[in-house]
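The next block holds one structure in the form of structure tokens; read it before the comments.
Quick caveat, the model's predicted, so the values are computed rather than measured.
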Amino acid sequence: MLKASGDSMIDAGIDNGDLVLIKKQSTAESNQIVAVLYETSQTTLKRIFFKKNNVVLHAENKGLNDIIIENKEDLCIQGVAIKVIKNLK
């Protein structure tokens, strides 16, 4: 279980404070939402796309830019999001 922090995935229906159930695995397919570790020791939740020469971590928020990973070795997929638990407002 991962607690979403921030607004990078709001257009996918994942809001700050939501709980995201993550299926632990080290691989993913393009277009899946993944928990991934890259460059820092913090996990981030993004939609992943595998391109010919790089990996794109896409925030589901029109106000944010994609993260381009040139070297696949620089990222560690921790799991794939399978369910979101939200607080009622």
Identify the heavy atoms of [X] and [Y] that sit nearest to each other, and give their distance.
X: S5; Y: N16; answer: CA-OD1, 3.2 Å
X: V80; Y: A28; answer: CG2-CB, 4.1 Å
X: V20; Y: A81; answer: CG1-CB, 3.7 Å
X: M1; Y: L19; answer: SD-CB, 3.8 Å

Of all residues at least two apart in sequence or in a different chain, which pass the salt bridge (Lys or Arg N to Asp or Glu O under 4.0 Å) check with K86?
D15, D18
With sequence neighbours left out, what residues match Q78 under side chain to side chain donor-acceptor pair (under 3.5 Å)?
T43
Honestly curious: do V34 and I22 fall in one hydrophobic cluster under the side-chain, below-4.5 Å linking rule?
no
May I ask whether I77 and L57 are part of the same hydrophobic cluster, defined by side-chain heavy atoms of I, L, V, M, F, W, Y residues being less than 4.5 angstrom apart, directly or through others?
yes
Test item: I14 and I33 side chains (from C-beta on) under 4.5 Å apart, heavy atoms:
yes
Qualifying residues under side-chain contact (heavy atoms from CB on, under 4.5 Å), relative to K23, sequence neighbours excluded:
Q25, I82
With a 3.5 Å cut-off and sequence neighbours excluded, list the donor-acceptor pairs that the side chains of residues 45-53 form with protein atoms.
unit_1	atom_1	unit_2	atom_2	d
K46	NZ	S8	OG	3.2
K46	NZ	T44	OG1	2.8
R47	NE	E60	OE2	2.6
R47	NH1	N31	O	2.6

For residues 62-74, run the donor-acceptor check on the side chains, cut-off 3.5 Å, and write out each pair with its distance to 0.1 Å, sequence neighbours left out.
unit_1	atom_1	unit_2	atom_2	d
D66	OD1	H58	ND1	2.6
N71	OD1	E73	N	3.0

Under 4.5 Å side-chain heavy-atom separation, chaining through any Ile, Leu, Val, Met, Phe, Trp or Tyr, what else clusters with I10? Say none if it is isolated.
none
